[in-house]
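To start, the structure under review is shown below, and the notes come after it.
We count residues from 1, following the sequence as given.
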Amino acid sequence: MADDSTPLTRRELRAQREHEERQLTERAPVSRRRREPAAAAGAGRRSLGPAWLLTPVGLGGLWLGTHLLAAAIPFLRFGTSPDRWNGLVVGGVYNQFAGVSQLARLPAERVLPELPPLSLRLLQGLYAVTGDDRGRFLLVIVLVAVIADLVILITLWRAATAGPVAAAYWALAVPLLGPVALARLDLVVVALVVLAWVMAPRRPLWAGVLLAVATGLGFWPAAVVLPLLALVRRDRRRAALTGYAVAGLVLAAASVLGGGWGRVGSPVTRALSRGLSLESFPGLPALVDMALSPGRHSASLAGADMVVRGPWVDALSTGSAAAALVAVGAAITLGILVLRRPGPESVSGGALLVGRSERHASAHAAVAPVLVAAAGLLALLVTARTLSPEALGWVLPFLALRAALRPGRGPWLALGVVLLTQLANPYLFQNLAYPSASAFDVAAVAIGLRNLALVAVALWCLLAAVRELRSSAGVPAGK
């Protein structure tokens with residue numbers, strides 16, 4: 001009995017396995033070591049398409065071609081007059097223009113209270129540049145969105161843990177989402193989040209600052225804080241938290257001075273008081289009821305949402321609120337778990353890595369945070385009582401990173417959800433106002449399929465995140 005060996009812990013088993021893999025790699029011939037990464041990269045390229053598509057010229061042509069096509073289709077469908085687009089693509093922009101024009105006569109707390117204060121000030125700056133011209137205001141917003149789109153494309157392409165595959169995914173995803181994505185400022189927030197994500201391993205302080213600015217513009221980047229911290233070495237996470245906290249406090253103080261405490265919290269209170277949208281997953285039962293039994297429920301346009309009214313709305317809204325609390329809890333739990341797993345410095349067993357080995361270790365360490373961020377954001381979108389098309393743009397960079405880090409069909413199949421979203425809004429959106437017409441059924445089918453597919457993608461991300469976390473903890477798959 002004295003000769004029995006002491007069972008190893010999971011951490012010791014994992015360290016032993018990584019040590020054995022490093023030894024095998026070091027003993028392999030140099031030609032084989034060079035051949036294996038090249039073969040893996042070649043397999044990723046072949047799975048996407050022709051190799052030339054992943055070159056700078058190919059990516060530029062893909063981005064330009066898809067965006068020109070996405071811009072031409074609305075003109076063919078609705079014509080060239082923006083007045084025919086009102087309430088579809090540019091209605092939200094025109095509402096913001098009308099609100100910002102009131103800042104000279106009304107206090108800031110009474111102007112566009114659904115927007116964060118920093119976002120309001122950004123719109124005010126754009127209004128000052130364009131003057132009292134609604135058309136130029138729209139053009140400037142589109143220009144800013146396109147610049148943000150290009151910043152994301154280039155950042156993903158140059159990132160060590162992303163590369164051409166992630167850039168190609170992004171070049172396809174935004175046009176599939178449709179013209180609404182380029183007629184909003186959400187891509188500016190997404191660009192700041194992507195920059196913070198890519199900078200986090202090497203410049204955690206500035207990554208925290210950028211993420212704080214993104215949170216000030218859109219609030220939702222707060223769901224990415226914990227996964228982003230998981231990208232940072234344990235001994236440097238305090239720098240990222242310091243940058244996020246200090247920049248956040250400065251922005252909050254500026255918002256209080258500019259509009260009072262009520263203006264800081266008004267976007268949250270407005271979001272909690274919004275009605276149930278027919279486009280949301282919680283509103284799906286009411287949508288089906290309107291298609292099968294017109295008359296029990298009705299819908300009308302409120303802002304940019306088609307809000308439903310009827311006997312089921314209170315119960316569905318309560319269920320949505322409860323599900324949202326569960327989603328927030330799940331996102332926080334996954335964030336804590338991804339923080340507790342071995343950090344980036346542990347992937348190589350503490351060894352100093354350079355060049356290709358360092359990039360491989362960084363890519364391996366980034367998979368779990370990417371999946372956790374995507375799963376958390378998708379859970380929030382699925383349980384929300386409203387679901388705007390541009391909100392799907394929040395999760396697209398993380399799906400692009402997942403497509404680049406691990407070969408597989410999951411992220412690419414998720415692009416079908418994006419395409420269904422464009423079909424539903426703006427092209428079939430107006431049909432939701434006429435429940436008794438046959439066109440309503442077409443819109444209902446498109447929205448229903450999109451919502452069910454969105455839930456499937458969210459579950460896929462959640463299960464993939466759990467599997468990755470269990471694998472990182474040394475638990476074999478299926479246990």
Side-chain angles (χ1 to χ4, degrees), residues 41 44-45 47-49 53-56 58-60 62-67 70 145-146 148-178 181-182 186-201 214 220-221 223-224 227-228 231 359 362-378 381 389-419 421-422 453-454 457-458 460-461 464-465 468:
R45 286 175 170 83
S47 65
L48 179 65
L53 193 61
L54 299 179
T55 64
L59 285 173
L62 178 66
W63 182 89
L64 183 61
T66 54
H67 282 66
V146 170
D149 184 12
L150 281 171
V151 168
I152 298 169
L153 179 80
I154 296 171
T155 303
L156 291 175
W157 174 55
R158 294 179 58 86
T161 56
V165 174
Y169 188 98
W170 179 260
L172 291 171
V174 173
L176 288 177
L177 188 55
L182 296 175
D186 291 70
L187 288 183
V188 175
V189 185
V190 176
L192 291 172
V193 171
V194 171
L195 287 171
W197 190 272
V198 172
M199 292 175 62
W220 66 264
V224 183
L228 183 139
L231 298 172
R359 290 194 296 271
S362 299
H364 178 80
V367 176
V370 163
L371 288 170
V372 168
L377 289 173
L378 284 169
L381 293 178
E390 62 270 19
L392 290 182
W394 306 349
V395 74
L396 290 180
F398 300 103
L399 293 177
L401 289 168
R402 170 58 177 78
L405 292 171
R406 290 281 174 83
R409 291 175 294 179
W412 302 99
L413 293 177
L415 292 178
V417 179
V418 180
L419 180 59
T421 299
Q422 178 179 183
L454 183 64
V457 173
W460 169 77
C461 277
E468 190 67 30

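- The CZ atom of Arg402 lies 4.5 Å from the CH2 atom of Trp460; values are rounded to the nearest 0.5 Å.
- For Tyr169 (side chain) and Leu396 (main-chain N/O), no donor-acceptor pair under 3.5 Å exists by modelled atom type.
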Can you list the steps and then say if Leu150 with Trp63 is a side-chain contact (heavy atoms from CB on, under 4.5 Å)? CA-CA 9 Å; Leu150 281 171; Trp63 182 89; 3.6 Å; yes
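- Residues Pro164 and Leu59 form a side-chain contact, since some pair of their non-hydrogen atoms from C-beta on lies under 4.5 Å apart.
- Note on Glu468 versus Arg406: salt bridge recorded, some NZ/NE/NH1/NH2 to OD/OE distance being below 4.0 Å.
- In this structure, Leu153 and Ala167 approach most closely via the heavy-atom pair CD1-O, 3.2 Å.
- Pairing each heavy atom of Leu399 with each of Ala414, the nearest pair is CD1-CB, 4.0 Å.
- Here the side chains of Val190 and Pro221 are not in contact, with every heavy-atom distance at 4.5 Å or above.
- Residues passing the ring pair (Phe, Tyr, Trp, His ring centres under 6.0 Å) test with Trp170, sequence neighbours excluded: none.
- In this structure, Ala148 and Ala191 approach most closely via the heavy-atom pair O-CB, 4.0 Å.
- For the pair Val193/Pro397, no side-chain contact is recorded, criterion being any heavy-atom separation below 4.5 Å from C-beta on.
- Inter-residue side-chain proximity for Val224 and Leu377 is flagged as met; some heavy-atom pair is nearer than 4.5 Å.
- Counting only residues at least two apart or in different chains, ring-ring contact (aromatic ring centres under 6.0 Å, His included) contacts with residues 389-408 comprise Trp197-Phe398, Trp220-Trp394.
- Between the Gln422 side chain and the Leu176 main chain, a donor and an acceptor come within less than 3.5 Å of each other.
- Separating the CG atom in Leu177 from the CG atom in Leu172 is a distance of 13.0 Å, to the nearest 0.5 Å.
- Leu187 CG to Leu192 CG: the interatomic distance, rounded to the nearest 0.5 Å, is 11.0 Å.
- When all heavy atoms are compared, the tightest approach of Ala145 to Ala181 is CB-O, 4.4 Å.
- Using a 4.5 Å heavy-atom threshold, the side chains of Leu392 and Leu454 count as touching.
- Contact between His67 and Ala171 at its shortest, heavy atoms only, is CE1-O, 3.9 Å.
- Pairing each heavy atom of Val372 with each of Pro227, the nearest pair is CG1-CG, 3.8 Å.
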